[in-house]
Amino acid sequence: MNTSIKTTTSFWVISVIALLWNLMGVGAYLGQALMTDEMKKMIPEDQLTILENTPIWATAAFAIAVWFGVLGAVLLLFRKKIAKMVFLISLLGVLVQLIYNIFMTNAIEAFGVSSIIQPLVTVSISVFLVWFANNNIEKGILK
């Protein structure tokens, strides 16, 4: 007997929002990676210094966070349980980037205390997506 577990509307809504969220991350990554000289002229000097001096490993963590996030969301939409592992890799990228930005730069001084809100929201969403994937594996929705 082959039984199919019905997914809820909330599963699809959360999965689509996860994809859109991570696509916004890709947009932010590409915006930073492909920044033109004209765009750089519009950024305050102290902020530009931080962006231009970001080590390759921190940039790689950013790329891993967003691209694996998109892949994880796509895998959710295809109901694949490997989404959890992919989201874990994305979370690792998020955490490495967060540690660099908060503890290894003067980003809070340059961008202001409010600059800590976005990273904390990103970490929270990343943790939620790992939990969400795991929860749906346990329910049998992700196979």
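Keep in mind it's a predicted model, so treat the numbers as computed, not measured.
Here the closest heavy-atom approach between residue Gly72 and residue Val86 is recorded as N-CG1, 3.4 Å. Across Ala83 and Ala133, no two heavy atoms sit closer than the pair C-CB, 4.4 Å.
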Which atom pairs, donor and acceptor, lie under 3.5 Å between side-chain atoms of residues 11-34 and protein residues at least two apart or in another chain?
residue : atom : partner : partner atom : Å
Trp12   : NE1  : Thr7    : OG1          : 2.6
Ser15   : OG   : Phe11   : O            : 2.8
Asn22   : ND2  : Ala18   : O            : 2.8
Asn22   : ND2  : Gly69   : O            : 3.4

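Residues Leu129 and Lys84 are not in side-chain contact: their nearest non-hydrogen atoms beyond the backbone lie 4.5 Å or more apart. Met35 places a side-chain heavy atom less than 4.5 Å from the side chain of Lys40. Side-chain atoms of Leu92 and Ile64, non-hydrogen and from C-beta on, never get closer than 4.5 Å to each other. For the pair Leu76/Phe87, a side-chain contact is recorded, criterion being any heavy-atom separation below 4.5 Å from C-beta on. For the pair Trp57/Val96, a side-chain contact is recorded, criterion being any heavy-atom separation below 4.5 Å from C-beta on.
Rounded to the nearest 0.5 angstrom, Thr105 OG1 and Ile108 CD1 are separated by 7.5 Å. The structure places CD of Glu52 at 12.0 Å from CD of Gln47, a figure rounded to the nearest 0.5 Å. Taken to the nearest 0.5 Å, the CE atom of Met39 stands 11.0 Å off from the CG atom of Leu51. Taken from CD1 in Ile5 to CD1 in Ile141, the straight-line distance is 7.0 Å, to the nearest 0.5 Å. Distance check: Thr122 OG1 to Ile117 CD1 gives 11.5 Å after rounding to the nearest 0.5 Å. With rounding to the nearest 0.5 angstrom, the CD atom of Gln97 is 8.5 Å from the OG1 atom of Thr59.
Both Leu77 and Trp67 sit in one connected hydrophobic cluster of ILVMFWY residues. Membership requires side-chain heavy atoms under 4.5 Å apart, directly or through other members. Hydrophobic clustering (ILVMFWY, side-chain heavy atoms < 4.5 Å, transitive): Ile116 and Ile99 are in one cluster. In the hydrophobic cluster analysis, where Ile, Leu, Val, Met, Phe, Trp and Tyr join through side-chain heavy atoms closer than 4.5 angstrom, Leu48 is grouped apart from Met104. When hydrophobic clusters are built by joining Ile, Leu, Val, Met, Phe, Trp and Tyr residues whose side-chain heavy atoms come closer than 4.5 Å, directly or via intermediates, Ile102 is grouped together with Val123.
With Thr54 contributing its side chain and Ile50 its backbone, the two residues share a donor-acceptor pair below 3.5 Å. Under the 3.5 Å distance criterion, the side-chain polar atoms of Asn53 are matched with a main-chain donor or acceptor of Thr49. At distances below 3.5 Å, at least one donor-acceptor pair connects side-chain atoms of Ser90 with backbone N or O atoms of Ala65.
In Ile82, the CD1 atom is not crowded: 12 or fewer heavy atoms of neighbouring residues, nucleotides or ligands sit closer than 6.0 Å.
The only option from Leu91, Ile89, Asn135 that meets the side chain to side chain contact (heavy atoms under 4.5 Å, CB included) definition with Val130 turns out to be Leu91.
Ring geometry, Phe132 versus Phe128: the interplanar angle falls under 30°, so the pair is classed parallel (tilted spans 30 to 60°).
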